[in-house]
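These notes are about the structure you will find just below.
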2 protein chains.
Amino acid sequence: MARSQSIQPSNLEHFLDRLTRRSVLTDEEQKAILDLPAYAAQVPANRDFVHLGERVDHVSLVVEGIVGRFGQNSEGERQITAIHLPGDMADLHSVVQPEGTSALQALSTTTILRIPHASLRTLAARFPAIAEAFWRDCMVDASILSQWVVNVGRRDARARMAHLLCEMAIRCGARDKGERQFKFPLTQVHLGNALGLTCVHVNRTLKALRDNGLVTLRGRTVHILDWEALARAGDFDPAYLHADNDPEQRLRIVAAA
Amino acid sequence: MARSQSIQPSNLEHFLDRLTRRSVLTDEEQKAILDLPAYAAQVPANRDFVHLGERVDHVSLVVEGIVGRFGQNSEGERQITAIHLPGDMADLHSVVQPEGTSALQALSTTTILRIPHASLRTLAARFPAIAEAFWRDCMVDASILSQWVVNVGRRDARARMAHLLCEMAIRCGARDKGERQFKFPLTQVHLGNALGLTCVHVNRTLKALRDNGLVTLRGRTVHILDWEALARAGDFDPAYLHADNDPEQRLRIVAAA
DNA sequence: CGCATATTTGATAGATTTCAATTTATGTGG
DNA sequence: CCACATAAATTGAAATCTATCAAATATGCG
C-alpha cells in the first residue's frame with residue numbers, strides 16, 4: 001500500500017500557480033493555500049489509489065507522474081475520462097461531492113499529496129474567493145472532459161490519437177515551435193483506455209502517424225515532428241484548455257476582504 | 001429570433017428544487033434565488049441559441065423542452081455532450097468561465113429563462129452558500145459527463161442507447177416500477193449526435209431493442225417495457241446521477257449567516 | 001541473464017458507416 | 001378534412017473501420 005508522511009507543502013506551489021493562472025487571489029489567500037496540510041504518498045504504476053464508489057475524505061494533488069481518472073463498463077473494461085499531470089488536483093470536485101463515481105489510477109510511478117477535505121472546506125468557507133477559484137478550476141476540467149466526449153464520439157482512431165497528443169503537448173508545456181517533445185510515460189493499453197480503442201489498434205494508429213512523419217512515441221517520450229500536421233489531423237483547437245496566460249482574462253467575483 | 005420578455009420568476013422554483021436536493025440553503029438564500037431577474041425566450045427546435053466560441057453574459061435555465069450541449073469536429077458533425085431538462089441550468093459554469101467552448105441547441109421547442117451573470121455573481125458573492133450550491137450543481141453535471149465518456153468510449157451501440165434511455169428515464173422522473181414512460185422528443189439524428197452514432201445505426205439499434213421487447217420510442221415518448229432488462233443491457237447504475245433525495249446526503253460547507 | 005511487461009504484426013470476424021432509396025409521420029394551407 | 005410539402009424513420013447493400021485472436025519480437029527490470 002502507499003505510504004504517507006507529512007512534508008513541507010512546497011509542492012502546493014504548482015497547484016497555486018494553476019489557480020492563479022485563471023483566478024485572482026490576494027496574498028493572504030495565496031498564503032492560506034500554501035499552508036494547507038498535505039501528506040505525500042508514492043503510488044506505483046497501474047495502482048488504483050481511489051476506487052470506484054469509494055467515498056474519500058481527502059483530495060489527491062499530483063506532484064509527479066501521471067494519474068488517470070476512469071470509469072468502467074460491466075466487463076471491467078476501463079475508460080479513462082481525464083489525465084492529470086503534476087500540479088493538477090485529480091479530484092477537487094470531491095470537496096463538494098465526496099461520493100465518488102469514478103476512480104483514480106496511477107498511470108506511471110506517481111507521487112501525490114493528500115489534502116484533507118476538512119482543511120479545504122475550512123479554507124473555502126473562510127475565503128470565498130478560494131472557493132470560487134476551486135469552482136473555476138473544476139470547470140476547466142469539465143471543459144476538457146467535454147472535448148473528450150467529442151473526441152471519442154466524433155473522430156476516428158487517427159484523429160483521436162492526434163488530438164490527445166496535441167492536448168498533452170500543450171498541457172505538458174511543450175509549446176516551442178518546430179519540434180516538440182515531452183515525457184509521456186503511458187503504455188499503449190493506457191492510451192487505448194483513454195481513447196476508447198483496443199491497444200492493438202492504438203499500436204497501428206501510432207505506426208500510421210509515425211510513418212506519416214507526424215509524431216513518434218518511443219520509450220516514455222513523445223516527439224512531435226510536425227505540429228501543424230498533427231493539429232490538423234487531430235482537429236485540434238487549444239481554446240478549451242484555457243491555458244493562455246492572459247492576466248486580463250482572470251476573473252474574480254468575490255470582493256477582496 | 002427568440003423574443004425576450006420579463007416575467008415572474010416562478011419558474012426558478014424548479015431550479016431551486018434541484019439545488020436544495022443536494023445542498024442546504026437557508027430561507028433567505030432560497031428567497032434570494034427566487035428573486036433573480038429572468039427573461040423568458042422561446043426557441044424553436046433545432047435552433048442554436050448559444051454558439052460555439054461565443055462569450056455569454058447570462059445563463060440559460062431550461063423551463064420547458066429539451067436542450068443539448070454540443071461540440072463538433074472539423075466537418076461540423078455534432079457530438080452532444082449533455083442533455084438538459086426543465087429545471088436544469090444549461091450553462092451555469094459560464095458564471096465563472098464565460099468563454100464558451102461548447103454550444104447550446106434546442107432539441108425540441110423550448111422555453112428558456114435567461115439570467116444575467118451579473119445577478120448571479122452578485123448573489124454568489126453575497127451568499128457563499130449559494131456559490132457552493134452552484135459549484136456542487138456543476139459537479140453533478142460533470143459526473144454525468146464523465147459517465148457519458150464511458151458510455152461512448154466503452155459500450156457498443158445497443159448498450160449506449162439503453163444506457164441513455166435509462167438515464168433519461170430517471171432524470172425525467174419516470175421511476176415507477178413496471179412499465180415506465182416519459183416524453184422524450186428527440187429525433188434519431190439527435191440520438192445519433194448524443195451517442196456518437198449515425199442516425200441509420202440509431203434506427204437499427206432502436207429496432208433491435210424494440211424487437212427484444214425492451215423499449216419502444218414512438219412519436220415523442222419512450223415506453224420502457226422491461227426496465228430490468230434495459231438497465232442490464234445498458235450496464236446502468238444510477239448512482240452517478242446523485243438523484244436520490246436523501247436529506248442526510250445534503251452538504252453545506254459554509255456556515256449559516 | 002531471464003522473467004515479466006510492452007510492443008508489433010498478421011489474419012479474420014464483427015460492428016458501424018456510407019450511400020441510396022423508400023416508406024412513414026407531421027404540419028400547414030386551402 | 002384533404003392535399004401537399006417537408007421532415008423523420010426505415011431498409012438494403014456495400015465499404016470501411018475497429019475488435020478479436022494468436023503469435024512473435026522487443027524492452028525494461030531485478
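Each chain gets a letter, A, B and so on, in the order its sequence line appears, and its residues count up from 1.
Protein atom CG of B/Leu209 is 16 Å distant from nucleotide atom C1' of D/dT10, rounded to whole Å. Following rounding to the nearest Å, B/Leu206 (CG) and C/dT16 (P) show an atom-to-atom distance of 13 Å. The separation between B/Leu186 atom CG and D/dA7 atom C1' is 15 Å, rounded to whole Å. Straight-line distance from the CE atom of A/Met161 to the P atom of C/dT7: 11 Å, rounded to whole Å.
Defined by atom type and a distance below 3.5 Å, a donor-acceptor pair is present between the side-chain atoms of B/Thr111 and B/Gln42.
A donor-acceptor pair is defined here as one N or O able to donate and one able to accept, closer than 3.5 Å; such a pair exists between the side chain of A/His14 and the backbone of A/Pro86. A distance-only check finds no donor-acceptor pair linking the side chain of A/Ser94 to the backbone of A/Gln97 [under 3.5 Å]. Remark: side-chain polar atoms of A/Asn73 are paired, donor with acceptor, to backbone N or O of A/Glu75 under 3.5 angstrom.
The bend of the helix from C/dC1-D/dG30 to C/dG30-D/dC1, defined by the angle between the axes of its first five and last five pairs, stands at 50° to the nearest 10°.
Aromatic rings from B/Phe49 and B/His58 are positioned such that their centres are separated by 6.0 Å or more. Outside the 6.0 Å centre-distance limit, the rings of A/Phe70 and A/His84 are not counted as a close aromatic pair.
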Q. So A/Asp235 and A/Arg155, salt bridge (Lys or Arg N to Asp or Glu O under 4.0 Å) or not? Walk me through it.
A. CA-CA 9 Å; A/Asp235 190 12; A/Arg155 285 196 260 265; 2.8 Å; yes

Q.
Walk along nucleotides 14-30 of chain D from 5' to 3' and tag each nucleotide B, S or - by protein heavy-atom contact under 4.0 Å, base first, then sugar-phosphate.
A. ----SBBB-------S-

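Among the nucleotides D/dT11, D/dA9, C/dA6, the one closest to any side-chain atom of B/Gln188 is D/dA9.
Expressed to the nearest 0.5 Å, how far CG of B/Leu225 lies from CD of B/Gln181 amounts to 10.0 Å.
Between B/Asn203 and D/dA9 there is no side-chain N or O to OP1 or OP2 distance below 4.0 Å.
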